[in-house]
Amino acid sequence: MEQRELPVLLVNEVGSVHGVLEAHVEFLKKHFHLITMKEFLKNKNHWSKKVQAIYLWWHKPIINRELLESLPDLKVIANSGVGMDHLDLKLISSFGVKMANAPHAVSSSTADTGMALLLASARRLVEGNIAVSPDTACFAADWLGDEVSGATLGIIGMGRIGYKVAKRAKAFEMKILYHNRNRRTEEEEQAVGAIYCTKIEDLLQQSDFVMLVVSLTPQTHKLFGKKELELMKPTATLINISRGPVVDQDALVEALQTGVIKAAALDVTYPEPLPRDHPLLKLKNILITPHLGIKTDKATRMITEEAVANILAALNGLPMPNEVFP
Ligand SMILES: O=C(O)C(=O)CO
């Protein structure tokens, strides 16, 4: 039987911090001849005219002009998540290379992470877990937290993930406010009981929990600073599941130190991870997780499946399910 020549897919590594998961390799190899960056660099002359696609597993390899110039047959780059802020889309596109992200795969798990941070922070789960011992005064007033049911959640960014957060918050009997560039339809709003705030200020003044779910763009860089924090209730908690640089971290440190807001729960920071001596790590009224957003077995598998579908479409000249334009 004639051997079908598979298109060459470049990935950074396999099975390490910056590598595609070992569990996905077999699936990828059904569709591609997989090579790692190390193999590519070892035999650059051989591979450079063969690589047709790159699968970026959490920001690696770094896509810069030098790499793009060395890959004349590159047709498509598939990103493992939804956020494309680590890529120079204009540069990539100027090389005639298409790009795709994985918006469907990530939305439920990221929304779950947002809700988990909200609940854990409101009910002090992490503090409780660290403190528990045979001597813990289980009924002490020290353990009072915030009631989630009946509280107001303000969602900033009502895309796919924001909307899924709203669905979850509705099930927790929360009142939901949202602010977004585009208003959702009346049916969509009613389905989750979300009320649109034209002005971000109105949302901030009324919310007990404010969750950031916007993508990082030049418009949202440091969207949340001193002014926004001061508009929040002193009893409110800020939750960030978007990108670290959406928040002015210096302003956040000050707001948490001086009681401008009650607490924060962050799945994203800048840089990631924070250096050991970072002031955010010294605060008691903060919960920080290491960008857990999508990290479930199911979501990561779906991300790889979405990437493969996008790459194959691009290589076959078909419309890509999730093409991203500069
Ligand atoms: O999909 C992304 O870009 C994420 O960061 C999810 O956490």
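Counting starts at 1 for both ligands and their atoms, following the listed order.
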Q) Short N/O distance, under 3.5 Å, between G83 and ligand 1? A) yes
Q) Which option out of L216, I294, I161 puts a heavy atom nearest to atom 6 (C) of ligand 1? A)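 Closest candidate by heavy-atom distance is I294.
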Q) Within 45° of the six-membered ring axis of Y163 and under 6.0 Å from that ring's centre, is NZ or CZ of R184 located there? A) yes
Q: Ignoring hydrogens and angles, state whether a donor on the side chain of S108 or K164 is under 3.5 Å from an acceptor on the partner side chain.
A: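 Their side chains do contain a donor-acceptor pair, which is all the 3.5 Å distance test asks for.
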Q: Would you check whether M84 reaches within less than 4.0 Å of ligand 1, judged by its heavy atoms?
A: no
To check your reading of the model: name the closest protein heavy atom to [atom], its residue, and the distance in Å.
{"atom": "atom 3 (O) of ligand 1", "result": "R243 NH2, 2.7 Å"}
{"atom": "atom 1 (O) of ligand 1", "result": "V82 N, 2.7 Å"}
{"atom": "atom 7 (O) of ligand 1", "result": "H291 NE2, 3.2 Å"}

Q | Test: E323 and K98 ion pair at under 4.0 Å | A |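 Yes, charged N to carboxylate O under 4.0 Å.
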Q) Does NZ in K233 sit with more than 12 non-hydrogen atoms of other residues, nucleotides or ligands closer than 6.0 Å? A)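 Yes.
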(Q) Please tell me whether W58 and H86 form a close aromatic pair, meaning their ring centres lie under 6.0 Å apart. (A)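 Between H86 and W58, which both carry aromatic rings, the centre distance is not below 6.0 Å.
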